[in-house]
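Within every chain, numbering begins at 1; the chains are lettered A, B, ... in the order of the sequence lines, protein sequences first and strands thereafter.
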Number of protein chains: 2
Amino acid sequence: MNYRDAILTAAAGVFAQHGFRGSTTRRIADAAGVNEITIFRQFGSKEALIRAAMQHLTESAGLATLPEIPADPERELTEWSESFIQHLRLRSSIIRKSMSEIEERPEMCEFASDVPRRASNDLCLYLTALKRQGRVTEKFEPKSAAAMLMGAIFGDAMGREMMPDVYPQPKEKAAQMYAQLLLRALGVENGTGKATNKQTKRSKQLSH
Amino acid sequence: MNYRDAILTAAAGVFAQHGFRGSTTRRIADAAGVNEITIFRQFGSKEALIRAAMQHLTESAGLATLPEIPADPERELTEWSESFIQHLRLRSSIIRKSMSEIEERPEMCEFASDVPRRASNDLCLYLTALKRQGRVTEKFEPKSAAAMLMGAIFGDAMGREMMPDVYPQPKEKAAQMYAQLLLRALGVENGTGKATNKQTKRSKQLSH
DNA sequence: TGTGTAAGTAAGTGACTACTTGCATTTCCC
DNA sequence: GGGAAATGCAAGTAGTCACTTACTTACACA
């Protein structure tokens, strides 16, 4: 039997709750149901274990994709935003812990920054394609717009736990609201809908 | 002589760099140029000291204000955003560390969440006032819009250090870009000009 | 001169930490 | 059934941590 995966999973869980310094080898061993020594025999050191756990996590993370050629921006961007905000929410603890390690263990953040980096790049490409299609009435920089949507999603995923009253309710609709706000900032016409029923559709979606 | 303030300042600095567990009383004492025992005599315990340091920080934080009655939305919102992003950037380390303590020391986050909570409330009131003035052509929820701008600013302030290539350049213009994108999402006219008649009608029809 | 207060020095306590060593046990594959 | 690899157990090492005790120094003020 090989406890490697159990240890990696336990390490990720303990790290998410207690951070690097709080992730004692004893705690991880207990969480994995394994003798503390097994950790050192398998991974050599606590630092190597945590690094392996982080890498294991980012490798197993599947990201939603945006089409190369936008067809229905509102639908596509909403779905992507919902998938992304859900991803971040499920990992909010570990993301907070990783971010707080920048000063002391910058290498560890390389792994953590991989997912948002790819997501940002995808989103940027999508917005650029939208622009090239001429479906945008406002001038904008794709990078700024992408950073804005990603920031809104990120802030919601990180902060709602701490200050639930600050963010839109219900939380399941938040991603959609951010996506729609962004599209309006860019002046994007709704892909499938007509201009005449645009407002009706929006007010329906925005009211609760 | 009373070393209280020196210790508080040193504690905040050490905490910002090393987090709670990494903030050893020895490190703090060294940073303050003080004997370790003085810390315990002044504050009783490490936890009480860190808590006092956090409180001291949030109390000394001055926030930019938004006018109760919007006059020049683009200028006002840009200036507010710039002031807010600068505030967050100067404190990004300590904010990251505080956020990562939610699981283990939730009381500490009460202090940290005070500033963004007030900022969000101010922004929300401002956007509501804009809406009531009828200078907005799109229907929107102030809370969602506020969360979006705050999130964009927050994400920029937290993430740029880790992934500078993801965010708009130069960083001094970022806040302005986010503010402008938001105003366009709400359909607010540029500068001091008012909305056109047609748009005003539309917004009146759509508002409840 | 005497007293109170803030600070320092030195030494130590008990608990915890990452990590090691030596040896016994289980499990798996051939 | 045997050998090798993985795992467990017990004990220990050297270091760090928050915090304490007991005593001393410096200074302000009356």
Side-chain angles (χ1 to χ4, degrees), chain A residues 1-56 94 97-98 100-101 103-109 111, chain B residues 1-57 93-94 97-98 100-101 103-109 111:
Chain A
M1 213 178 294
N2 196 334
Y3 285 128
R4 219 187 141 81
D5 276 11
I7 295 172
L8 283 175
T9 309
V14 172
F15 177 82
Q17 216 182 349
H18 303 284
F20 186 89
R21 266 186 247 257
S23 297
T24 67
T25 50
R26 171 173 297 276
R27 259 203 270 248
I28 297 171
D30 286 352
V34 148
N35 194 289
E36 202 176 342
I37 307 201
T38 306
I39 287 176
F40 290 101
R41 283 200 271 243
Q42 284 274 356
F43 297 93
S45 73
K46 165 181 159 176
E47 185 160 349
L49 163 62
I50 303 281
R51 201 197 311 279
M54 299 294 292
Q55 198 160 7
H56 185 253
I94 208 166
K97 297 295 184 305
S98 303
S100 85
E101 297 289 337
E103 281 87 7
E104 298 189 283
R105 276 156 212 96
E107 342 78 59
M108 260 188 44
C109 301
F111 299 126
Chain B
M1 210 178 293
N2 195 335
Y3 285 128
R4 218 186 140 82
D5 275 11
I7 295 173
L8 283 175
T9 309
V14 172
F15 177 81
Q17 217 182 350
H18 302 284
F20 186 88
R21 279 190 161 92
S23 297
T24 67
T25 49
R26 172 174 295 278
R27 257 203 271 249
I28 296 172
D30 287 353
V34 146
N35 193 290
E36 200 177 343
I37 305 205
T38 307
I39 287 177
F40 289 101
R41 282 201 272 241
Q42 285 274 356
F43 298 93
S45 73
K46 166 181 160 176
E47 186 160 347
L49 163 62
I50 302 281
R51 202 198 310 278
M54 299 293 293
Q55 197 160 7
H56 185 252
L57 263 192
S93 294
I94 208 166
K97 299 295 184 304
S98 303
S100 85
E101 298 289 337
E103 282 87 7
E104 296 189 284
R105 275 154 213 98
E107 341 79 58
M108 260 189 44
C109 300
F111 300 126

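Nucleotide dT5(C) holds its C1' atom 15 Å from the CZ atom of Arg4(B), rounded to whole Å. Computed from coordinates, the Asn2(A) CG to dC29(C) P distance equals 12 Å when rounded to whole Å. If you measure from atom CG of Asp30(A) to atom P of dT7(D), you get 17 Å, rounded to the nearest angstrom. If you measure from atom CZ of Arg21(A) to atom P of dA18(D), you get 10 Å, rounded to the nearest angstrom. If you take NE2 of His18(A) and C1' of dC16(C), they are 15 Å apart, rounded to a whole angstrom. When the P atom of dC17(D) is taken as reference, atom CG of Leu49(B) falls 15 Å away, rounded to whole Å. Atom CD of Gln42(A) and atom P of dA18(C) are 18 Å apart (whole Å). Look at CD1 on Ile39(B): it is 15 Å from C1' on dA6(C), rounded to the nearest Å.
Taking only side-chain nitrogens and oxygens, Thr38(B) comes nearer than 4.0 Å to OP1 or OP2 of dG8(C). Between Asn35(B) and the phosphate of dA7(C), there is no side-chain N or O to OP1/OP2 separation shorter than 4.0 Å.
A distance-only check finds no donor-acceptor pair linking the side chain of Lys46(A) to the backbone of Ile39(A) [under 3.5 Å].
Residues Phe111(B) and Leu57(B) fail the side-chain proximity criterion, which asks for heavy atoms closer than 4.5 Å.
A distance of 5.0 Å separates CD of Glu101(A) from CZ of Phe15(A), quoted to the nearest 0.5 Å.
Around atom CZ of Arg26(B), no more than 12 heavy atoms belonging to other residues, nucleotides or ligands sit under 6.0 Å away.
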Return the polar atom pairs (N/O with N/O) between nucleotides 19-21 of chain C and the protein under 3.5 Å, or none.
residue: dC19(C); atom: OP2; partner: Lys46(A); partner atom: N; Å: 2.8

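In this structure, a donor-acceptor pair under 3.5 Å is absent between the side chains of His18(A) and Glu103(B).
Partners of Arg4(B) according to the salt bridge (charged side-chain N to carboxylate O under 4.0 Å, His left out) rule, which considers only residues two or more places apart in sequence or in another chain, do not exist here.
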